[in-house]
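By convention in this document, chain letters (A, B, ...) are assigned in the order of the sequence lines, proteins followed by strands, and residues within each chain are numbered from 1. This is a predicted model, so every value here is computed, not measured.
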Number of protein chains: 2
Amino acid sequence: MSLDHAILGFLADGDLSGYDIKTRCVDRDASHFWTADQAQVYRTLDRLESARHLTSKQKIQTGKPNRKVYRITQAGRVHLDDWLATSHALPPYRDAFLIQVYFGSELSDEALADVLERTRVQRQTRLSALRERATSHAMEVGSSANRPALMHRMTLDAAMAAERAAIDWLDDSLDTLRSLATESGSQRQLFREDQA
Amino acid sequence: MSLDHAILGFLADGDLSGYDIKTRCVDRDASHFWTADQAQVYRTLDRLESARHLTSKQKIQTGKPNRKVYRITQAGRVHLDDWLATSHALPPYRDAFLIQVYFGSELSDEALADVLERTRVQRQTRLSALRERATSHAMEVGSSANRPALMHRMTLDAAMAAERAAIDWLDDSLDTLRSLATESGSQRQLFREDQA
DNA sequence: GCTATATATATGTTTCTACATATACTTGTC
DNA sequence: GACAAGTATATGTAGAAACATATATATAGC
């Protein structure tokens, strides 16, 4: 459902092929809040065309395979604008990592702390990548003169805020585990900073 | 995949029926980080039994329908512990709401602000519910004497941190939209605090 | 000449998830 | 007596998502 509206959104700004949508829009511009593989993009385009939200034209190319270029219809625009202006119910919060934490007492404290630390590294890497994108985005569009650039920036800020919150929580949780280890007198087993 | 491990985790602590897992575990204890409907729980139990991670016994009851009570096997425990101790790749960050923000320039500023504000209300409601659960959890288990209770608390903290981050971002974004409205001199159209 | 990469679209298959519906027994309420 | 609610399990179906594979043309590098 969501991919439908993302694709309509990209096409609202101009005609695009499935290849464009996959490589330029989904993978490059929207990857910090939505993902989709190639098969899903093409099948969604088929479906949107069947629903008369899009039309398509073959563009013959020389030196490259031919393209099927999609254009949004009036009905598609109406459908998109309705969806954009509607406040949808929050999806359930889902985080498989928290299953690991919830049952973390099955593990030794060392093993649990290790899982948390590795997750922290992954989150930090993702945050750094987002920061780079935000910086280059700011370079490209100056002081966000136009609305689309500002909205783009806001989505990057949201993703960065989520990563930062996750990292802060990981740090707090690791502190809690460490203080527990100290209390129970088993700190020699854990967190040996004097080693390696 | 994740539900498999959640169910193994619940059964690691004692035998349970599908009904127990759905009502007591999934809906009550784990709903802030995972959800599943009844059909999925029962089919997952079937699958885990086929894979020899669980065994089941019919318990005859009088006055109530009979129960099928599941028990984790040694293989199931090993499978669970392996998964718990493994650092898994972060799933892609997905947020359908950010699709709305990304294409928000399709909308009027009023309409966009309205969507943000409604989302804020929903997030705040969810945060309040989480806070209540955290409070009653603290009442029940005292100062988290046991590890499982501490882990439970940590998952609640993670969910609350995510909600708080989302709310803070919404507030910042609404401020930005308001300042833009003021700059462009159209503040009379927007955010009329003197009305109604 | 071979291989990799970029451009471009399509189909097959499986798993997860959601929603609906069916069955069946008991207790409590109107 | 009828009806709802709680206890308990099972199946049907459809959509979303992930992953794999197939096809075809052109260019660039080895």
Can you check whether B:K68 has a side-chain N or O nearer than 4.0 Å to OP1 or OP2 of D:dA10?
yes

Without decimals, in angstroms, what is the distance between B:D4 CG and C:dT14 C1'?
14 Å

Between A:S31 and A:R133, is there a side-chain donor-acceptor contact under 3.5 Å, judged purely by atom types and distance?
yes

To the nearest Å, how far apart are B:I60 CD1 and C:dA24 C1'?
14 Å

A:T86 side chain vs A:D82 backbone, donor-acceptor pair below 3.5 Å:
yes

Does one side chain, of A:E117 or B:S87, offer a donor that lies under 3.5 Å from an acceptor on the other?
no

Check the orientation of B:W83 and B:H5. Use parallel for under 30°, tilted for 30 to 60°, and perpendicular for over 60°.
parallel

Of the options D:dA8, C:dA18, C:dG12, whose atoms approach the side-chain atoms of A:A39 most closely?
C:dG12

From CZ of A:R47 over to P of D:dG15, roughly how many Å is that when rounded to an integer?
9 Å

Nearest heavy atom decides the nucleotide; on that basis, is B:D46 or B:P92 closer to the 5' end of DNA chain D?
B:D46

Please state how far atom CG in A:D37 lies from atom P in C:dT14, giving the value in whole angstrom units.
17 Å

Atom CG of A:L48 and atom P of D:dA16 are separated, to the nearest Å, by 10 Å

Nearest-Å distance, CG (A:L45) to C1' (C:dA10)?
12 Å

With respect to the side chain of B:R43, which nucleotide from C:dA8, D:dT9, C:dA18 is positioned closest?
C:dA18

Ignoring hydrogens and geometry, is there a side-chain-to-backbone donor-acceptor pair from A:S56 to A:V69 under 3.5 Å?
no

Check the distance between D:dT9's P and B:N66's CG and give it to me in whole angstrom.
9 Å

Whole Å only: how far is the CD atom of A:Q38 from the C1' atom of D:dC19?
11 Å

Select base, sugar-phosphate, or nothing to describe what B:S17 touches, counting heavy atoms under 4.0 Å on all strands.
sugar-phosphate

OP1, OP2 of C:dA24 versus side-chain N and O of B:R67: anything below 4.0 Å?
no

Nearest to the side chain of A:Y19, which nucleotide is it out of D:dT11, C:dT9, D:dA17?
C:dT9

Go nucleotide by nucleotide along DNA chain D from the 5' end; which of A:P65 and A:Q40 gets its closest nucleotide reached first?
A:Q40

